[in-house]
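Here's the structure we're looking at; comments come further down.
Positions are given from 1, in the same order as the sequence printed here. Fair warning: this is a prediction, and the values are worked out from it, not measured in the lab.
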Amino acid sequence: MSYRINEIFYSLQGEGYFTGTPAVFLRMSGCNLKCPFCDTAHEDYTEMTPLQIAEALRTYPTRHIVITGGEPSLQLDQMLVDLLHDDGWFIQIETNGTNRLPEGIDWVTCSPKPGPTGEISVSLRHIDELKVVYEGQDVEAIANSLPAMHYFLQPCSSPRYAGGSNTAETVSYILANPHWRLSLQTHKLIDIQ
């Protein structure tokens, strides 16, 4: 059994509820969606067994892991979740929500994106944090269909916006709809991975 791992690195969580938290990032390769604003090169990978992953992770001083991608639900399984818990990890996943997840993940961050037909399809039973990349879409319909404990809007970084981002529009929306919170990609703002 092996997993296609794009990279493992230690940094601060740059987005959402855990912004500023030291975490190990386990980036899995591959995705089932092709978002036009995707800023992650996740195609390359190294095949790693569960024990190789566990050994690599043990070298870091934190026990907060963010499993991300691409789309990690394409590979993450119960065996790896159980192994990480046995090693004392708090497991956070960042997913587009299109696939079911193994049991026992401690924190689910869902960032839903439209599929090839333009529809958002989410298969999750539980969401702790809903993080929507804001492009002016009907985010209330998304929030109403995906109940979560915390709701974040993140400006879209795209060349189609003047200055590369629609931050001003996102802030205006949040001020008019205060059940949302702002999520910035702080890791990019402070130039860390």
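For the pair S111 and E94, the minimum side-chain heavy-atom distance is 4.5 Å or more. Side-chain atoms of Y151 and K131, non-hydrogen and from C-beta on, never get closer than 4.5 Å to each other. Between Y134 and F152 there is no side-chain heavy-atom pair separated by less than 4.5 Å. Looking only at side-chain heavy atoms (C-beta outward), D77 and Y3 come within less than 4.5 Å of each other. Between I142 and L130 there is a side-chain heavy-atom pair separated by less than 4.5 Å. Between Y45 and I5, the closest side-chain pair of non-hydrogen atoms is not below 4.5 Å. T68 has its side chain out of reach of Q92: every pair of non-hydrogen atoms, C-beta onward, lies at least 4.5 Å apart. The side-chain heavy atoms of T62 and V24, taken from C-beta on, include a pair separated by under 4.5 Å.
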Inset, instruction - Output, in order, the C-alpha distance, side-chain angles, deciding distance and verdict of side-chain contact (heavy atoms from CB on, under 4.5 Å) for V122 and T98. - result: CA-CA 5 Å; V122 173; T98 54; over 6 Å; no
Legend entry - CA sep, side-chain torsions, deciding dist, call: F18, F90, ring pair (Phe, Tyr, Trp, His ring centres under 6.0 Å): CA-CA 12 Å; F18 288 104; F90 175 89; 5.7 Å; yes
Legend entry - side-chain contact (heavy atoms from CB on, under 4.5 Å) between E140 and H179, intermediate numbers included: CA-CA 10 Å; E140 300 310 324; H179 52 280; 2.8 Å; yes
Inset, instruction - With side-chain contact (heavy atoms from CB on, under 4.5 Å) as the test, would you mind laying out the steps for W89 and H64 before giving the verdict? - result: CA-CA 6 Å; W89 290 93; H64 185 125; 5.7 Å; no
Inset, instruction - Please assess Q154 against L182 for the test side-chain contact (heavy atoms from CB on, under 4.5 Å), listing each intermediate value before the final yes or no. - result: CA-CA 6 Å; Q154 186 165 298; L182 182 65; over 6 Å; no
Inset, instruction - Could you check E103 against R125 for salt bridge (charged side-chain N to carboxylate O under 4.0 Å, His left out), going step by step and ending with a plain yes or no? - result: CA-CA 10 Å; E103 295 296 320; R125 291 176 247 175; 3.5 Å; yes
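One hydrophobic cluster holds both Y10 and I91 under the rule that ILVMFWY side chains link at heavy-atom gaps under 4.5 Å. I65 and L51 fall into different hydrophobic clusters, where Ile, Leu, Val, Met, Phe, Trp and Tyr residues are linked whenever their side-chain heavy atoms come under 4.5 Å apart, directly or through other members. When hydrophobic clusters are built by joining Ile, Leu, Val, Met, Phe, Trp and Tyr residues whose side-chain heavy atoms come closer than 4.5 Å, directly or via intermediates, V66 is not grouped with V108. Hydrophobic clustering, with ILVMFWY side chains joined whenever heavy atoms are under 4.5 angstrom apart, groups L83 together with M79.
For R4 and E47, the salt-bridge test fails: no basic side-chain N is under 4.0 Å from an acidic carboxylate O. Electrostatic pairing of K113 and E71 does not count as a salt bridge here, judged by no charged N lying under 4.0 Å from a carboxylate O.
Without hydrogens or angle criteria, D138 side chain to A141 main chain gives a donor-acceptor distance under 3.5 Å.
Residues T109 and E129 bring a donor and an acceptor atom of their side chains to less than 3.5 Å of each other. S29 and N6 are not linked by any side-chain donor-acceptor pair at a separation below 3.5 angstrom, with hydrogens and angles left out of the test. With 3.5 Å as the limit, one finds a donor-acceptor pair spanning the side chains of H126 and D128.
Between Q52 and T49 the shortest heavy-atom distance is OE1-N, 2.8 Å. Residue A56 comes nearest to T59 through the heavy atom pair O-OG1, 2.8 Å, listed as atom of the first residue, atom of the second, then distance. Smallest separation of non-hydrogen atoms from I8 and L57: CG2-CD2, 3.8 Å. Taking each heavy atom of S183 and G16 in turn, the nearest pair found is OG-N, 2.9 Å. When every heavy atom of G70 is checked against every heavy atom of P72, the shortest pair comes out as O-CD, 3.7 Å.
Atom CG of L124 sits about 8.0 Å away from atom OG of S73, to the nearest 0.5 Å. Rounding to the nearest 0.5 Å gives a distance of 5.5 Å between CZ of F25 and CZ of F9. Annotation: the span from R63 atom CZ to L84 atom CG amounts to 9.5 Å, rounded to 0.5 Å. Expressed to the nearest 0.5 Å, how far OG1 of T95 lies from CZ of R100 amounts to 12.5 Å. For the atom pair CG of D82 and CG of D87, the computed distance is 11.5 Å after rounding to the nearest 0.5 Å. Separation of atoms CD (Q75) and CG (N99) is listed at 11.5 Å; rounding is to 0.5 Å.
Legend: residues meeting ring-ring contact (aromatic ring centres under 6.0 Å, His included) with Y17, ordered by chain and number and at least two apart, are W107, H150.
Each of V139, V132, L153, V133 was checked for a side chain to side chain contact (heavy atoms under 4.5 Å, CB included) with T170, and the lone residue meeting it is L153.
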